[in-house]
Participant: 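Provided herewith is a single structure, encoded as structure tokens, for subsequent inquiry.
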Amino acid sequence: MGEQDWTFIMSKMKILVAGGGGFIGGHLAKKLIEQGHDVRIVDRKPFDEWYQVHPEAENSVGDLQLLDECEKATKGVEWVYNLAADMGGMGFIENNKALCMLSVLINTHLLRAGLSNNINRFFFASSACVYAADKQTSTEATQLREEDAYPAMPEDGYGWEKLFSERMCRHFREDFKMVTRMARFHNVYGPFGTFEGGREKAPAAMCRKVIHAKMTGDHNIEIWGDGNQSRSFMYIDDCTHGVEMIMERDYTEAINLGSDEGVTINQLVDMVEDIAGIKLNRNYNLDAPKGVNGRNSDNTLIKEVYGWAPGITLREGMEKTYDWIFDQMKNRYGAVV
Ligand code: NAD
């Protein structure tokens, strides 16, 4: 069945979105609610820190590292989307490896509780950080194919947790016949995400820095690394579309879900400057965390399996993201505009 023929054909279900107070979970939950599903959202953060609160859902605060909380969260549920993890951009994951690895408890306990509560289907949000570092040494954005995750040498901390949890999903499927699905997200961005505080990723951080320069008149910005490191960035709408597609259909192995529009960090800054209508002085901080030199998504497999791949252009997505962050900063720091 090609992408054109494919629609979400599910009847109304009870669905858990774990980590739905976060960026991707918040968007996914909204979409599921709009489709008529009965959605339960559980997140560890207090409600006033959720990026989106959907009053139509059953919302609760709970620590899903605990088996008891996972038992409660999965009771009466048919499908589980696990978007909960302790995560952030390079600055966070390079300095918080133990916290990142502790997310293994969330996925493990959700799988165990899901099994005892007889859920029908389970989705795990994996990451491009599972790919071996030695495949990403060139700033020519290396297109990573799914098989490049092995032999395993993922990003320390965060990447090991993701790879281990992928295997846990695989073995729950093979040994316990639980239907599990996994996607390896490549940098997701968009409105209703974090843009300050240390967990933000490059697109949101660039928007914040450029907007700050515009608002204050201080035209110096700091760039982490030399700006030549390359990445691809997927707009949130492509992400949630892909997640639902992967969950609903039959492919069982971990699959890339990312844009293959490669860009250097300098080009990303050029784009944000252009959107903002401003030119800035760039100060390169070579000591700051910058991650691997080059990474991109190879989308051969997702196109083969689903006849679809993320296609929203970076320019289109960045304009929407910039506008949203601009409004947030204007509301918050209006006085300095
Ligand atoms: P996010 O930080 O915005 O959302 C994650 C949510 O999980 C947060 O709201 C957090 O409070 C919650 N959480 C953490 N620990 C919890 C716990 N013990 N119990 C309950 N909730 C808990 O991150 P996101 O960008 O929405 O990412 C969602 C998923 O996608 C994560 O698994 C992440 O690793 C993965 N991912 C994201 C990206 C990206 O670019 N955003 C890239 C690759 C993979």
Side-chain angles (χ1 to χ4, degrees), residues 16-30 40-53 59-70 72-74 80-90 92-93 96 99-110 113 123-131 144 154-155 157-166 169 182-195 197-205 231-236 238-240 242-243 246 254 256-259 291 295 297 310 317 321:
L16 169 67
V17 180
F23 167 49
I24 301 172
H27 283 277
L28 180 67
K30 178 167 188 278
R40 176 181 296 159
I41 302 174
V42 181
D43 199 290
R44 187 171 57 179
K45 295 184 297 200
F47 289 129
D48 62 357
E49 290 178 25
W50 290 26
Y51 298 131
Q52 302 184 64
V53 178
N59 297 305
S60 65
V61 173
D63 183 352
L64 295 171
Q65 287 193 8
L66 308 172
L67 182 57
D68 278 2
E69 290 289 343
C70 291
K72 263 199 293 180
T74 54
V80 172
Y81 286 95
N82 177 15
L83 282 306
D86 234 327
M87 73 94 60
M90 275 328 295
F92 180 81
I93 66 176
N96 295 279
L99 280 185
C100 290
M101 291 207 78
L102 281 169
S103 295
V104 77
L105 293 173
I106 304 174
N107 200 63
T108 307
H109 286 152
L110 276 174
F123 176 89
F124 173 61
S126 186
S127 161
C129 289
V130 299
Y131 289 113
L144 295 158
E155 174 86 36
Y158 180 73
W160 278 106
E161 188 279 317
K162 291 295 187 195
L163 200 59
F164 179 88
S165 290
E166 278 187 7
C169 288
M182 302 163 266
R184 293 178 182 156
F185 297 169
H186 292 244
N187 296 308
V188 190
Y189 71 100
F192 296 101
T194 179
F195 59 91
R199 287 184 186 244
E200 64 279 14
K201 297 188 157 202
R231 293 288 183 279
S232 70
F233 299 100
M234 167 170 56
Y235 189 63
I236 183 66
D238 272 340
C239 178
T240 52
V243 165
I246 289 166
N256 280 336
L257 181 57
S259 162
R295 166 185 294 163
S297 179
T321 308

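Note that the structure is a prediction, hence the values are computed from the model and not measured. Order of listing sets the numbers, starting from 1, for every ligand and every atom in it.
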Participant: Examine V188 against ligand 1 and note whether any of their N/O atoms are separated by less than 3.5 Å.
Facilitator: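 Yes, at least one N or O pair falls under 3.5 Å.
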
Participant: For atom 33 (C) of ligand 1, tell me which residue out of F23, Y189, F185, Y158 has the closest non-hydrogen atom.
Facilitator: Y158

Participant: Hey, are K45 and D63 close enough for a salt bridge, meaning a charged N less than 4.0 Å from a carboxylate O?
Facilitator: no

Participant: Using a 3.5 Å cut-off on N or O atoms only, is K162 in polar contact with ligand 1?
Facilitator: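 K162 vs ligand 1: N/O contact under 3.5 Å present.
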
Participant: How close does the nearest protein non-hydrogen atom get to atom 28 (C) of ligand 1, and which residue and atom is it?
Facilitator: L83 O, 3.2 Å

Participant: I want to confirm something. Looking only at heavy atoms, which of M87, H27, Q65 is nearest to atom 2 (O) of ligand 1?
Facilitator: M87

Participant: List the closest protein heavy-atom neighbour of atom 14 (C) of ligand 1: residue, atom name, distance to the nearest 0.1 Å.
Facilitator: A85 O, 3.4 Å

Participant: Ignoring angles and geometry beyond distance, decide whether D63 reaches within less than 3.5 Å of ligand 1 through its nitrogen or oxygen atoms.
Facilitator: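 Yes; the residue has a nitrogen or oxygen that sits under 3.5 Å from a nitrogen or oxygen of the ligand.
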
Participant: Decide whether an N or O pair under 3.5 Å exists between I24 and ligand 1.
Facilitator: yes

Participant: With a 4.0 Å heavy-atom cut-off (strictly under), which part of S126 contacts ligand 1: side chain, backbone, both or neither?
Facilitator: backbone

Participant: Pick out which of L102, T108, N107 makes a side-chain contact (heavy atoms from CB on, under 4.5 Å) with L105.
Facilitator: L102

Participant: If you count the atoms of ligand 1 from 1 in the order shown, which ones are under 4.0 Å from a heavy atom of N187?
Facilitator: 40 (O)

Participant: Suppose we measure from atom 9 (O) of ligand 1 to each protein heavy atom; which comes out shortest, and what is that distance?
Facilitator: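 I find the closest protein heavy atom is D43 OD2, 2.7 Å.
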
Participant: Which protein non-hydrogen atom lies closest to atom 4 (O) of ligand 1, naming both residue and atom, and how far is it?
Facilitator: G22 CA, 3.4 Å

Participant: So, is R44 polar-close to ligand 1, with some N/O to N/O distance under 3.5 Å?
Facilitator: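 Yes, there is a polar N/O contact under 3.5 Å.
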
Participant: Could you list which atoms of ligand 1 come closer than 4.0 Å to a heavy atom of L64?
Facilitator: 17 (C), 18 (N), 19 (N), 20 (C)

Participant: Which of the numbered atoms in ligand 1 are below 4.0 angstrom from a heavy atom of A125?
Facilitator: 29 (C), 30 (O), 32 (O)

Participant: With atoms numbered from 1 as shown, which atoms in ligand 1 lie under 4.0 angstrom from a non-hydrogen atom of I106?
Facilitator: 15 (N), 16 (C), 17 (C), 18 (N)

Participant: Salt bridge check: are R184 and E166 linked by an N-O gap of less than 4.0 Å?
Facilitator: yes

Participant: With a cut-off of 6.0 Å (strictly less than), are more than 12 heavy atoms of other residues, nucleotides or ligands near OH of Y51?
Facilitator: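 For Y51, atom OH is crowded (more than 12 foreign heavy atoms under 6.0 Å).
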
Participant: Could you check whether any heavy atom of Y51 sits closer than 4.0 Å to an atom of ligand 1, since that is the contact criterion I want to use?
Facilitator: yes

Participant: Report the part of K201 in contact with ligand 1, treating N, CA, C, O as backbone and CB onward as side chain, heavy atoms under 4.0 Å; options are side chain, backbone, both, neither.
Facilitator: side chain

Participant: Once you restrict to heavy atoms under 4.0 Å, what part of R184 touches ligand 1? Side chain, backbone, both or neither.
Facilitator: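 Answer for R184: neither.
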
Participant: Counting both backbone and side chain atoms, is some N or O of K45 under 3.5 Å from an N or O of ligand 1?
Facilitator: yes

